[in-house]
Number of protein chains: 2
Amino acid sequence: MTARRQERPLTTSELAEPRVPRRREVIPEATVARLPLYLRALHALADDATQTISSEALAEAAGVNSAKLRKDLSHLGSYGTRGVGYDVQHLISQISRELGLSRRCSVVLVGVGNLGRALAGYGGFASRGLGIDALLDADRALTGEQIAGLTVRHVDDLAEVVVPGSIGVIATPASAAQTVCDQLVRAGVTSILNFAPTVLTVPAHVDLRKVDLSIELQILSFHEHRKSLAEGVTA
Amino acid sequence: MTARRQERPLTTSELAEPRVPRRREVIPEATVARLPLYLRALHALADDATQTISSEALAEAAGVNSAKLRKDLSHLGSYGTRGVGYDVQHLISQISRELGLSRRCSVVLVGVGNLGRALAGYGGFASRGLGIDALLDADRALTGEQIAGLTVRHVDDLAEVVVPGSIGVIATPASAAQTVCDQLVRAGVTSILNFAPTVLTVPAHVDLRKVDLSIELQILSFHEHRKSLAEGVTA
DNA sequence: ACGCGCTTGTGAACGCGCGCACAAAGTCAG
DNA sequence: CTGACTTTGTGCGCGCGTTCACAAGCGCGT
Ligand SMILES: NC(=O)c1ccc[n+]([C@@H]2O[C@H](COP(=O)([O-])OP(=O)(O)OC[C@H]3O[C@@H](n4cnc5c(N)ncnc54)[C@H](O)[C@@H]3O)[C@@H](O)[C@H]2O)c1
Ligand SMILES: NC(=O)c1ccc[n+]([C@@H]2O[C@H](COP(=O)([O-])OP(=O)(O)OC[C@H]3O[C@@H](n4cnc5c(N)ncnc54)[C@H](O)[C@@H]3O)[C@@H](O)[C@H]2O)c1
């Protein structure tokens, strides 16, 4: 069916935009956050040798509303066929390209403690495009140690392992996080993922995301607390 | 101003429900997600023996807009003094109470692998209110092992360790996540934090949150990719 | 006692994101 | 070729969340 598409005559719009991915449209943050979700579902489908999938079915697999899915995908251009659905392989490559996963992206991890080791040994993101390339720690006792096939280097060597486009991951104690963050920025890192429970300050051109497990638990605690209060009222 | 509200004639709906704890105002999700952030900043202030703090300063410490902070706090009642600010200790106890952290909340962790061990040994949330109380795994070889002062039990014993109000944490491979999730729900758990990269299905009365490191990295990858494209254009 | 300056609490405007619902566009059978 | 059926792409209204801006409230110095 992909072949068939090439048989029909070209429309004017196609002649107007010959090849370039001219869809440099701004993609909403909310959409960007869901693209990895779709990608995961699509990979599962591809493993099952599924050729095409409807927005309804893919939305089900990704756990989102189908209209939302279609709108999301429309932001990267129109890649669906009405009456049929989306070509799984094509969609995978489009989303991967948009996320910048086509060429391998370097990740440097600072802080090889409990959490850092777990992350280093995790193959979950290594599977596609992303993988940790360097482990760094301030503890001289750890320097040289082999973890998950990588040699731990001293954090002072940061500048040597960072390449343009590298993503930095901070898994140090909170007290050291801002210092490490500054070092990363100075080394040229413009995207940072922070696991330490602290507010980090970065220059405007640096993207900063954080993961805080404690906060997640507290949010759940809140709802749990609310439920127990509700029970008290109804009882 | 709360007083003023009482001066105006009561509406029919208010007459209809006279006695409800109407201080039990619905707190927006976005606010709930920030309360732990404020709490963390407040604890740091308390350690420095700070008595009171203005919304401006606290907002700075928490990394949010001060107007947003004030509006958030106003949802749990008015606890600030104009011209002075908020009493740190009082605010800590108010937020803790609202989050249900006053009495200790039980957490059961299923899946004692790389990530599970890191979480088990983590003291970050144990410090206040939340702490892991039970470790469970399907691997008989792990049963009985001591980790972070807790004895690993078999996942079949789940119902024995769950108490009303327990929070469940899933750190198993994705393939086992839904099964474990179902077991948790059957044991009476109504709040679940999922680390496995899968979409989980739960009954409507169960709260489900997820943490996906891979997604975080992909989002950063997207922005990094965008930056490199922008450079290409300007260059 | 009284006004001055500081800080809170909130009204109001704005923008974003969500999801319904439907027309357009394509497939497929006969 | 035609008509029925399927699925996409999106216009639109709505509700939530953010932010500005300011009046009301409180402490303090005089
Ligand atoms: N372990 C968890 O499950 C968990 C969960 C949530 C958050 N966190 C957070 O993640 C961070 C790490 O947790 P952890 O349990 O792995 O702690 P950890 O103490 O086991 O490891 C911290 C590592 O960082 C290294 N380090 C310290 N200062 C450094 C510096 N300036 N530069 C480079 N490396 C430095 C230390 O040598 C150590 O190896 C903490 O901020 C913690 O709050 C951990
Ligand atoms: N390690 C990381 O840094 C990391 C990062 C992000 C996400 N994750 C996710 O977290 C999960 C765990 O990761 P990991 O690295 O700890 O994996 P792991 O393989 O090291 O550990 C998984 C553990 O779960 C246990 N298990 C398997 N089936 C079970 C069942 N039905 N009931 C109870 N226990 C069961 C296994 O015995 C094992 O001990 C995975 O889904 C992974 O994708 C891990």
Side-chain angles (χ1 to χ4, degrees), chain A residues 1-14 23 25-35 37-38 42 45 50-88 90-91 94 219, chain B residues 1-8 23 25-35 37-38 42 45 50-88 90-91 94 219:
Chain A
M1 55 196 57
T2 308
R4 175 155 313 171
R5 180 168 301 152
Q6 294 169 345
E7 288 170 10
R8 63 169 169 65
L10 293 170
T11 67
T12 28
S13 69
E14 275 168 322
R23 277 294 193 281
E25 191 183 344
V26 283
I27 298 187
E29 265 306 303
T31 295
V32 174
R34 283 187 294 266
L35 289 181
L37 225 57
Y38 305 151
L42 285 165
L45 289 165
T50 307
Q51 297 287 327
T52 61
I53 182 129
S54 70
S55 64
E56 198 70 45
L58 182 55
E60 163 88 21
V64 301
N65 181 292
S66 69
K68 184 154 57 179
L69 169 65
R70 288 195 297 275
K71 194 162 286 188
D72 283 344
L73 294 183
S74 76
H75 285 298
L76 16 146
S78 298
Y79 296 117
T81 306
R82 298 181 186 215
V84 177
Y86 298 86
D87 181 88
V88 173
H90 190 234
L91 209 47
Q94 293 303 333
I219 294 173
Chain B
M1 53 203 49
T2 307
R4 171 153 318 171
R5 182 165 298 151
Q6 293 169 347
E7 287 169 10
R8 64 167 167 66
R23 192 76 80 256
E25 190 185 344
V26 282
I27 298 186
E29 264 307 301
T31 295
V32 173
R34 283 187 294 266
L35 289 182
L37 224 57
Y38 305 150
L42 286 165
L45 289 166
T50 307
Q51 296 287 328
T52 60
I53 183 137
S54 71
S55 65
E56 198 71 43
L58 182 54
E60 163 88 21
V64 301
N65 182 293
S66 69
K68 184 152 59 178
L69 168 65
R70 288 196 298 274
K71 193 158 283 186
D72 283 344
L73 294 183
S74 76
H75 286 297
L76 16 145
S78 298
Y79 296 116
T81 307
R82 299 180 186 216
V84 176
Y86 298 85
D87 181 87
V88 173
H90 190 234
L91 210 45
Q94 293 303 333
I219 294 173

Contacts under 3.5 Å, N or O only, protein and nucleotides 14-17 of chain D:
none

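- Counting only heavy atoms from C-beta on, A:Asn65 has its side chain closest to C:dC20 among D:dT8, C:dT10, C:dC20.
- Protein atom CG of A:Leu58 is 13 Å distant from nucleotide atom C1' of D:dT8, rounded to whole Å.
- When rounded to the nearest whole Å, the span between CG of B:Asp72 and C1' of C:dT10 equals 13 Å.
- Between the NZ atom of B:Lys71 and the P atom of D:dC20 there is a distance of 12 Å, rounded to whole Å.
- In this view, A:Ser54 satisfies the side-chain hydrogen bond (donor to acceptor under 3.5 Å, both in side chains) rule with no residue, not counting sequence neighbours.
- Closest approach of A:Asp87 and A:Thr52 over heavy atoms only: CA-CG2, 4.2 Å.
- In this structure, the CD atom of A:Gln51 is 18 Å from the C1' atom of D:dT7, given to the nearest Å.
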Any N/O pairs under 3.5 Å between the protein and nucleotides 26-29 of chain D? List them or say none.
from   : atom 1 : to      : atom 2 : distance (Å)
D:dC26 : O4'    : B:Arg82 : O      : 3.4

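- Considering all non-hydrogen atoms of both residues, A:His75 and A:Lys71 come closest at CD2-O, 3.1 Å.
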Show, in sequence, the C-alpha distance, side-chain angles and deciding distance for B:Leu35 and B:Leu76, and conclude whether the side-chain contact (heavy atoms from CB on, under 4.5 Å) test is met. CA-CA 10 Å; B:Leu35 289 182; B:Leu76 16 145; 4.0 Å; yes

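- Considering only residues two or more places apart in sequence or on other chains, B:Arg34 meets the salt bridge (charged side-chain N to carboxylate O under 4.0 Å, His left out) condition with B:Asp72.
- What separates CZ of B:Arg70 from P of D:dG25 is a distance of 16 Å, to the nearest Å.
- With sequence neighbours left out, the side-chain contact (heavy atoms from CB on, under 4.5 Å) criterion links A:Ser66 to A:Ser55, A:Glu56, A:Ala59, A:Arg70.
- Closest approach of B:Tyr79 and B:His90 over heavy atoms only: CD2-CE1, 3.2 Å.
- Proximity of B:Ser74 to the phosphate of C:dG9: no side-chain N or O atom is located under 4.0 Å from OP1 or OP2.
- Across A:Ile53 and A:Leu58, no two heavy atoms sit closer than the pair CG1-N, 3.7 Å.
- Listed pair B:Tyr86 / C:dG9 meets the phosphate criterion, a side-chain N or O lying under 4.0 Å from OP1 or OP2.
- Heavy-atom nearest nucleotides on DNA chain C were determined for A:Val64 and for B:Leu73, and the one closer to the 5' end corresponds to B:Leu73.
- As a whole-Å value, the separation of A:Glu56 CD from D:dC5 P is 19 Å.
- Contacts of A:Glu29 classified as side-chain hydrogen bond (donor to acceptor under 3.5 Å, both in side chains), with partners at least two apart in sequence or in another chain: B:His223.
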